[in-house]
Structures are given as structure tokens and as C-alpha cells.
S.K.: 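My questions all concern the structure below.
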Amino acid sequence: LADRADGWRLVFTLSALGLSIVPFLFRSLHESPIFEIVEEPARHPLLRLLRSPFARVFWISAFAVLLASAFSAVGLAFSTERLVDDLGYSTAAAVAISLVGGTLGGIGFFIGGRLADVVGRRVTTVLSLVLVLAGGVTLYYVEYLPLIVLAIVASTFGSFAFVPASASHRAELFPTEFRTSGGTAGAYLAMVGSAGGLGFGAFTIDRIGLSATVPASIATVTSLFPWTSAS
């Protein structure tokens, strides 16, 4: 579809069809019994969180996700450009390569969930981000097809494995009265990180090239260290 004239518009339009299930989900989802036992819902829960002893943990976890998102946004947004413009693959071939690697890496979702329960959330989070970093950087330096697929598998595996561990962090680090607000604020800062990463790329890609831009954002590896001190 993307190779056709204006086909990319159709791709985005079709993805919007998923919104049609939202009304059905809204009708079928019930209130959490944990929320129902709270005697009085907190007013301004985010402000209460930032003034509470949990504020330090919130900023540590949010800062980690912000930096990780900044790196991931650059690597993911330009992966197709890397395959098509730099390595000469057609759009269809680039999608096929990404699909194969992404499908194999998708098993990380299940393995990451298991590891988060067995070895801990922090260890799983750190290992996941290391795989994302290693695979993301490797993709922009190798040209041999098996290594390209391996890099995509590694980065995708890490991305999927990160999801259950990070979700557990958000659910377990904060008490009920401002748990959702803390998770929402963290997700917002992740989007800020993605925007910041793309903004970084806007200033560097034309100057130093695409392959140099991704490792230039490697400073986001510092996002690994705050997780090791989060409780």
C-alpha cells in the first residue's frame, strides 16, 4: 500500500478503524474493586503524588522512561529509511524484513513478563533496555541481511520485554489514590521524550548522517542507572 501513489494515506486511515471498538470496551470494562474500597478519592492526585514521599520514585522512573523513549523514537522512526534509502531495499522488502524480525522479537513480551516475576522488575527492565540499545545501534551499522534481522529481533525483543516490567513498576510503585495519575504522567513524559529524540534527529541527521545520529543519542543509556536505585 505504501508503494502506491498516496497509499500511505490509506494506511493511516485504516489504522483509525481501531477506534470503533472503544465504545464497546467502555461498556464492558468495570470499575476496579480496589478503587471502590478507597474511602475518599484524592483531589488533585498528581499534586499529592509530587508532594509525597513517592515523588522521588516517580521522577526516577519517569526520567528513565523519558530517555529510553528518546532513543527508541529515533531508532524506530528512521529504521525504514535506513533500509530503503541507505541499503536500497524496496518499501515492501523493508516491511517484510521488519515484520520477520519484529515477529520473532515479539516473544520478548512473554519472556519479559516471566522474567519480571522470576528475577525482578528492575533486572528485567535493565536487560530489556540494553537489548533495545544494542539492537538499535547495530541496525544502523550492519549491511549483511542476517545481521540486520538479528538487530531488529534484539531491539524488538527488548522493547516487548520492557512492557510488562515497566507496567508492573507503574502499578506497584504508587498507592491506589494516585497510581493512575502517576502512570499517566509517566506516559506523558515518555511522549515528551519521543518528541525530544525526534527533535534531536532533526538537528543532527542532515549534519552528521543517519547512522551517526543513532549512536549519538547513546547518552540515553544513562536511563538504565536510575532504575537500579528505584525501590
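Bear in mind that the values here come from a model prediction, so they are computed numbers and not experimental data.
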S.K.: For residues 143-159, which residue pairs pass the salt bridge (Lys or Arg N to Asp or Glu O under 4.0 Å) check, not counting sequence neighbours?
M.R.: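 Every candidate salt bridge (Lys or Arg N to Asp or Glu O under 4.0 Å) pair involving residues 143-159 fails, so no pair, neighbours aside, qualifies.
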S.K.: Is L145 reachable from V84 through a run of I, L, V, M, F, W or Y residues, each pair having side-chain heavy atoms under 4.5 Å apart?
M.R.: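 Different clusters.
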S.K.: Could you pull out all donor-acceptor pairs under 3.5 Å where a side-chain atom in residues 149-158 meets a protein atom, sequence neighbours excluded?
M.R.:
unit_1 : atom_1 : unit_2 : atom_2 : d
S155   : OG     : A151   : O      : 3.2
S155   : OG     : I152   : O      : 3.1
T156   : OG1    : I152   : O      : 2.6

S.K.: Show me the donor-acceptor pairs, under 3.5 Å and distance only, between side chains in residues 10-18 and residues at least two apart or in other chains.
M.R.:
unit_1 : atom_1 : unit_2 : atom_2 : d
T13    : OG1    : R9     : O      : 2.8
S15    : OG     : F12    : O      : 2.6

S.K.: Return each pair, listed once, that meets salt bridge (Lys or Arg N to Asp or Glu O under 4.0 Å) where at least one residue sits in residues 145-163; pairs must be two or more places apart or across chains.
M.R.: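 The answer is none; no pair qualifies.
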S.K.: Rounded to the nearest 0.5 Å, how far apart are CZ of F160 and CG of L131?
M.R.: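 The CZ atom of F160 sits 13.5 Å away from the CG atom of L131.
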S.K.: Measure the spacing between CH2 of W59 and CG of L49 and express it to the nearest 0.5 Å.
M.R.: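 Those atoms lie 9.0 Å apart.
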S.K.: Drop me the distance from Y89's OH to T80's OG1, to the nearest 0.5 angstrom.
M.R.: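 Between atom OH of Y89 and atom OG1 of T80 there are 13.0 Å.
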S.K.: Would you kindly confirm whether V123 and V118 end up in one hydrophobic cluster when ILVMFWY residues are joined by side chain heavy atoms under 4.5 Å apart?
M.R.: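 The answer is yes; both residues are in one hydrophobic cluster.
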S.K.: Of all heavy-atom pairs between V142 and L87, which one has the smallest distance, and what is that distance?
M.R.: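 Of all heavy-atom pairs spanning V142 and L87, the closest is O-CD1, 4.2 Å.
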S.K.: Name all residues meeting the side-chain contact (heavy atoms from CB on, under 4.5 Å) criterion together with D85; count only those two or more places apart in sequence or in a different chain, and write none if there are none.
M.R.: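 With neighbours one apart ignored, the set is E81.
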S.K.: Which heavy-atom pair separates A165 from T125 by the least distance, and what is that distance?
M.R.: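 Scanning both residues, the minimum pair turns out to be CB-OG1, 3.4 Å.
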S.K.: Please give me the minimum heavy-atom distance between F162 and S128, naming the atom from each residue.
M.R.: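 Here F162 and S128 meet closest at N-OG, 3.5 Å.
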S.K.: For residues 93-117, tabulate all N or O donor-acceptor pairs below 3.5 Å that involve a side-chain atom, not counting sequence neighbours.
M.R.:
unit_1 : atom_1 : unit_2 : atom_2 : d
S98    : OG     : A94    : O      : 3.0
T103   : OG1    : L99    : O      : 2.6
D117   : OD1    : R121   : NH1    : 2.9

S.K.: For the atom pair CZ (R82) and CG (L139), what is the distance rounded to the nearest 0.5 Å?
M.R.: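 R82 atom CZ to L139 atom CG measures 6.5 Å (nearest 0.5 Å).
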S.K.: Are L189 and V163 connected, step by step, through hydrophobic side chains (Ile, Leu, Val, Met, Phe, Trp, Tyr) whose heavy atoms are closer than 4.5 Å?
M.R.: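 Per the 4.5 Å side-chain linkage, L189 and V163 are not co-clustered.
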S.K.: Say you draw a straight line from OG of S79 to CD1 of I148; how long is it, rounded to the nearest 0.5 Å?
M.R.: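 CD1 of I148 is found 11.0 Å from OG of S79.
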